**Q** 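My questions will all concern the structure given below.
These numbers were taken from a predicted model, which means no experiment stands behind them.
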Amino acid sequence: MDHAASRLAKLDEVLRRLPARYSEKGRLRNDVAALLRQCQTLQPVVGTFSSGGRSVCLFYLHGVLPINYNGASYNIPVTIYFDDHYPKVPPRCFVTPSEGMALKPQHSMVDSGGMVYLPYLSNWSPHSSLAELITLITSAFSAQPPVYAKPQTPAQQPDAASALWQLGSAALGGLFGGGQTQSQPAGRPQMARPVAVAKPAQPQQPVATVTAVPVARNPKEQQQMEITQALRDRWRFVVEPLVDDINQQNKLHVDLENAVHAVRKDINELKQEADQIVQQEAELREAEGRFSAFIEANNGREMDPDTLRDEVDPDTRQVLDCVSEECALEEFIQALDEMLTERKITTEDFLREIRDVSRRQYMCRQLRQKCTTALAAPPVALA
């Protein structure tokens, strides 16, 4: 089994020990597996922390984050805790400095207890990426390391493992509704010790692997953190449904406006069609009146086509002449086709006659259309 497969197998083994209150174990497993493939210096751990007679089992990652600062490489030790509401709530990230080292005071992203603050954590959502979070933390620490070296005598060196568990219990005090705690964790797991790298000789420089020194958290900071977390939890359950409802109402409003525009367009088209129908009806009634008058005037009389032609106006007479000529040319084309079929004329003769007839037929059609347009136009008043 290769190294990557063994790390994933260890992750699965650790996750099997998680309590049932971790409802998103699948999402937690996928996010941490993607992070472990990217960062080889973190190890998954499950630990039980006790305070005030109560205990809680938490999943967390422990290890170091490699950074580059002023041309040198350093390992910044961190511990990342995952609450049972992950990914609805962000992971809690801590810097855990070792013996002989300390957190930088007044650091812009790390408080006096080692807790990391980033805008990405403040704006955390279920769609956020754990791998992207670690990348941002590493980039921020490379620009501004959170720890420095300080002189220390052997008598001042604390027990590294006890100090780390005390810091973890203090950081997780919010889970029990209280502040700081000095209790040792129950059944603490074995934790990977960070690997040290060479550190520069100058003082006040970032260092490699470190172990936690107990840091007393300011009660005011602890209370602010608890109130902020409580407001964030309540925000999800109270405000998010209202926001979703507002978005749904806005979408419905846009759909209704689009429907109104479509209905208005259809109404305008129907009005135009109604006006056209009214106009066509008037024209038909006018034509019907002319036909009725003609029939009454010629009732019982034998119709003579030539006489009827001579009685109409010149434009109408020209239209009738054009129609007659077009019909005659059409019959002539049919006759040419029959003659070609019976081999009475050659193909060359057929094509020559068809060309001439088609040209004449086109001219008649154009003349007829012009005369029809002139008949439809209103009469021009003469001065």
Side-chain angles (χ1 to χ4, degrees), residues 127 244 246-383:
H127 303 291
D244 294 340
I246 293 173
N247 292 334
Q248 186 67 24
Q249 294 295 332
N250 288 335
K251 182 178 181 300
L252 180 60
H253 178 70
V254 173
D255 294 340
L256 290 176
E257 286 186 344
N258 294 334
V260 168
H261 293 321
V263 170
R264 288 177 179 173
K265 181 179 179 182
D266 293 340
I267 292 175
N268 292 332
E269 292 177 354
L270 290 174
K271 288 182 178 179
Q272 294 176 0
E273 292 178 0
D275 294 339
Q276 293 177 359
I277 291 173
V278 171
Q279 183 180 359
Q280 292 173 359
E281 182 183 5
E283 294 175 355
L284 289 174
R285 290 186 183 277
E286 182 181 357
E288 183 182 8
R290 290 198 304 268
F291 289 143
S292 298
F294 177 81
I295 293 173
E296 291 177 359
N298 296 275
N299 187 17
R301 203 174 127 187
E302 186 177 354
M303 298 293 178
D304 184 8
D306 294 332
T307 304
L308 292 175
R309 176 183 175 278
D310 295 336
E311 291 178 354
V312 297
D313 60 274
D315 290 334
T316 304
R317 189 181 307 119
Q318 192 170 14
V319 170
L320 292 175
D321 292 341
C322 290
V323 172
S324 300
E325 187 174 0
E326 286 183 35
C327 293
L329 292 174
E330 189 68 30
E331 292 179 358
F332 182 66
I333 291 175
Q334 293 178 0
L336 288 175
D337 185 64
E338 293 175 358
M339 294 174 66
L340 179 63
T341 304
E342 296 175 358
R343 298 181 182 277
K344 293 182 179 180
I345 59 175
T346 63
T347 305
E348 290 77 5
D349 294 336
F350 176 79
L351 293 176
R352 183 178 62 255
E353 294 296 332
I354 286 294
R355 182 174 62 251
D356 295 339
V357 171
S358 299
R359 184 183 301 110
R360 181 56 189 168
Q361 194 176 32
Y362 173 77
M363 297 299 294
C364 288
R365 186 178 296 113
Q366 292 298 318
L367 180 59
R368 176 175 58 82
Q369 291 177 356
K370 290 182 179 180
C371 293
T372 304
T373 304
L375 287 172
V380 179
L382 298 177

**Q** Which atom pair, heavy atoms only, marks the closest approach of Leu336 to Ile354?
**A** CD1-CD1, 4.0 Å
**Q** Do Arg352 and Glu348 pass the salt bridge (Lys or Arg N to Asp or Glu O under 4.0 Å) test, and can you show the C-alpha distance, the side-chain angles, and the key distance before you say yes or no?
**A** CA-CA 6 Å; Arg352 183 178 62 255; Glu348 290 77 5; over 6 Å; no
**Q** Evaluate salt bridge (Lys or Arg N to Asp or Glu O under 4.0 Å) for Asp255 paired with Lys251, printing each intermediate quantity in order.
**A** CA-CA 6 Å; Asp255 294 340; Lys251 182 178 181 300; 3.4 Å; yes
**Q** Answer yes or no: are there more than 12 heavy-atom neighbours, outside Gln248 itself, under 6.0 Å from its atom CD?
**A**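 At most 12 heavy atoms, drawn from other residues, nucleotides or ligands, come within 6.0 Å of this atom.
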**Q** Measuring from Glu325:CD to Arg368:CZ, what's the distance to the nearest 0.5 Å?
**A** 11.5 Å
**Q** With Asn258 as reference, evaluate Leu256, Val260, Val254 under the side chain to side chain contact (heavy atoms under 4.5 Å, CB included) test and give the passing residue.
**A**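 With Asn258 as partner, side chain to side chain contact (heavy atoms under 4.5 Å, CB included) holds for just one option, Val254.
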**Q** Could you go through Ile246 and Gln249, starting from their C-alpha distance and side-chain angles, then the distance that decides it, and tell me whether this counts as side chain to side chain contact (heavy atoms under 4.5 Å, CB included)?
**A** CA-CA 5 Å; Ile246 293 173; Gln249 294 295 332; 5.7 Å; no
**Q** How about Glu330 and Glu326: do any of their side-chain heavy atoms sit closer than 4.5 Å?
**A** no
**Q** Closer than 3.5 angstrom, by distance alone: can the side chain of Asp337 be matched with the main-chain N or O of Ile333 as a donor-acceptor pair?
**A**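 No: the side chain of Asp337 does not pair with the backbone of Ile333.
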**Q** Please round to the nearest 0.5 Å and tell me the distance separating atom CG of Leu252 and atom CG of Asn247.
**A** 12.5 Å
**Q** Mind checking what makes side-chain hydrogen bond (donor to acceptor under 3.5 Å, both in side chains) contact with Asp356, not counting sequence neighbours?
**A** Arg359
**Q** Dump the intermediate steps for side chain to side chain contact (heavy atoms under 4.5 Å, CB included) on Glu269 and Lys265, then the final yes or no.
**A** CA-CA 6 Å; Glu269 292 177 354; Lys265 181 179 179 182; 3.5 Å; yes
**Q** About how many Å separate SG of Cys364 and CD of Gln361, when rounded to the nearest 0.5 Å?
**A**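 Between Gln361 CD and Cys364 SG, I get 8.0 Å after rounding to 0.5 Å.
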**Q** Would you give the length of the straight line joining atom CD1 of Ile277 to atom CG of Leu284, rounded to the nearest 0.5 angstrom?
**A**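 These two atoms lie 11.5 Å from each other.
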**Q** Using distance alone, with no hydrogens and no angle criterion, decide if Glu257 and His261 have a side-chain donor and acceptor under 3.5 Å apart.
**A**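 No - no donor-acceptor pair under 3.5 Å links their side chains.
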